[in-house]
Amino acid sequence: MSTFYHSTRSTHKLLTSKQAILTGIAPDGGLFICDTLAKKHLDLQSVCNNSFMQNAELVLSTLLDDFTPGEIENCVKAAYGTGFDSDAITPITTLGNSWMLKLWHGPTSAFKDIALQMLPQLMSVSRQGDSRNVMIVTATSGDTGKAALAGFANVPGIGITVFYPEGKVSDVQRLQMITQTGSNVCVSAVRGNFDDIQTQVKNIFANHKLADDLAAQNTVLSSANSINIGRLVPQVVYYFDAYAQLVRSGALTLGDPLEFFVPTGNFGDVLAGYFAKLMGLPVAKLTVASNVNDVLYDFIRTGIYDRRRSFNKTISPSMDILVSSNLERLLYLLSDGNCELISNYMTQLTKQGFYQISDELLAKLQETFACGRADDTQTRAAIHTTWTNEKILIDTHTAVAVSVMNEAKPNCDCRVVLSTANAYKFSTDVLEALTGKACTLSGFEAMDALQDITNTTAPQMLSKLRTAAVLHPEICSIEDMDCVVSSACEKIL
Ligand SMILES: *Cc1c(COP(=O)(O)O)cnc(C)c1O
């Protein structure tokens, strides 16, 4: 049986998963989705006997069934075979009476590696038979850029260009990007702020003259951001694999329910948990944890999505988001595929800045989803208590979810918090949380101090940055960004 994907806003154009992965976003602005998730129940007994790699093959071949088993096997090996510093890939550990699923053992120490190590593999296979090259263009405020660079480096036929705002990312984040090796990668700082750069990237995608120039170089543009279905599907894997690990450890008996607490920004991570539930995982509840950019917290309680509010900079920057794109997919699924309704909501969001879902839809949403929020003070407190009580060092994003979990009434015996970054990626803020004092140290000094006071070690990939050669010192202006992309296309292998 072949699974087809179509836009959340219309059903008349059906695509295979390969086409959906290459296209990224539907031409009508909707996101690609399939209608048969609930018919794709996985056999939990087999899941529990499987390794992470085997579960990755099982989930991917179920959702992306136009790939051959051999293609899937190669993609899984290429994505997770090396580059993770844990054999379990996403190991689960205890956290007091609960559990913590560690998603940051990949090459950039953040959970985005799980998807961004896989997406380039899926794209490479999807473009076979098409002689055109692909150029990925990404604007980043920090984490995504490095994870995308690490995933796409040296992938034949695909190039990657990453733009970041000059002076507005952390020392470690900047070094992670400007030291990236690979002959097909291009990284440039831009004089401007993140929103201006993001807007210019959108202009680049809409620039017909540039598209024609690139077509003459046999290249098309694409994006690696989290609306691509090829980034979402790999994230379903670790929900099933977490269950397998818990059953094998004796914490769960096959069939028992569990619940997840998920630090949320663009709603990709937690949506993958809903996919897993539809595919038969006994998920009692998915709790969305927000920082003070609490648009989802309000939405899940009231059914009103309202982005007309101020944007707050927090110590969990990857969750500083006011428009969570992947929510559109959830609303499509909850409304049993009502494209017209989804289009209307999204138009209202664009035109008026808000929409309100029906009571019926809200009730259905609340059956599965709960929400909580933590401000920076509560986030720091969670880092401090987790270290004091458990001797476990957590990062600022994980801490938002831990804080929410500690405040929440349990829905079942087994509670799992998703840990999305290694604490050393945010050394300065973690150090401040532990010491209770403002920290004026630079990135590596804070890393050293954190190692000293906790007697733990920073991931090698982060400490190695101290001596890594700077390969991408370039700085450009907003107006030059299209030229940068155009000349980067010459580097594609
Ligand atoms: C991206 C990110 C998140 C948010 O994930 P979404 O899929 O956007 O909800 C949380 N924590 C970290 C560390 C991240 O990089």
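Numbers here simply count residues along the sequence, with the first being 1. All of these numbers come straight from a predicted model, not from anything done at the bench. Each ligand, and each atom within it, is numbered from 1 in the order the structure gives.
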Original post:
Heavy atom under 4.0 Å from ligand 1: found in Thr264's side chain, backbone, both, or neither?
Top reply: both

Identify, by atom number and element, the atoms of ligand 1 in contact range of [X], meaning under 4.0 Å from any of its heavy atoms.
| X | answer |
| --- | --- |
| Asp143 | 15 (O) |
| Ala421 | 13 (C) |
| Pro263 | 4 (C), 10 (C) |

Do [X] and [Y] have side-chain atoms, one donor and one acceptor, less than 3.5 Å apart?
| X | Y | value |
| --- | --- | --- |
| Asp320 | Asn291 | yes |
| Gln173 | Lys146 | no |
| Thr138 | Thr140 | no |

What protein heavy atom lies closest to [atom]? Include the residue and the distance to one decimal.
| atom | answer |
| --- | --- |
| atom 11 (N) of ligand 1 | Thr420 OG1, 2.9 Å |
| atom 9 (O) of ligand 1 | Gly265 N, 2.8 Å |
| atom 8 (O) of ligand 1 | Asn266 N, 2.7 Å |
| atom 7 (O) of ligand 1 | Asp269 N, 2.9 Å |
| atom 2 (C) of ligand 1 | Lys112 NZ, 2.5 Å |

Original post:
Once the angle between the rings of Phe369 and Tyr274 is folded into 0 to 90°, is it parallel (under 30°), tilted (30 to 60°) or perpendicular (over 60°)?
Top reply: tilted

Original post:
Is any side-chain N of the basic residue among Asp294 and Arg373 closer than 4.0 Å to the acidic one's carboxylate O?
Top reply: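 Salt bridge present between Asp294 and Arg373.
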
**OP:** Give a yes/no on ligand 1: does Ala110 have at least one heavy atom closer than 4.0 angstrom to it?
**Re:** no

Original post:
Under 6.0 Å from the CG atom of Asp87, do we count more than 12 heavy atoms belonging to anything else shown?
Top reply: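 Result for CG/Asp87: open.
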
Subject >> Heavy-atom nearest neighbour of atom 5 (O) of ligand 1 within options Phe426, Phe111, Trp104, Phe267 >> reply: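 Result: the heavy atom closest to atom 5 (O) of ligand 1 is in Phe111.
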
Subject >> Test log, rule side chain to side chain contact (heavy atoms under 4.5 Å, CB included), inputs Glu390 and Thr94 >> reply: CA-CA 9 Å; Glu390 314 292 339; Thr94 54; over 6 Å; no

Original post:
Less than 3.5 Å between some nitrogen or oxygen of Gly268 and one of ligand 1, yes or no?
Top reply: yes

Original post:
After noting the C-alpha distance and the side-chain angles of Ile114 and Phe84, does the key distance pass the side chain to side chain contact (heavy atoms under 4.5 Å, CB included) rule?
Top reply: CA-CA 10 Å; Ile114 312 282; Phe84 281 71; 3.9 Å; yes

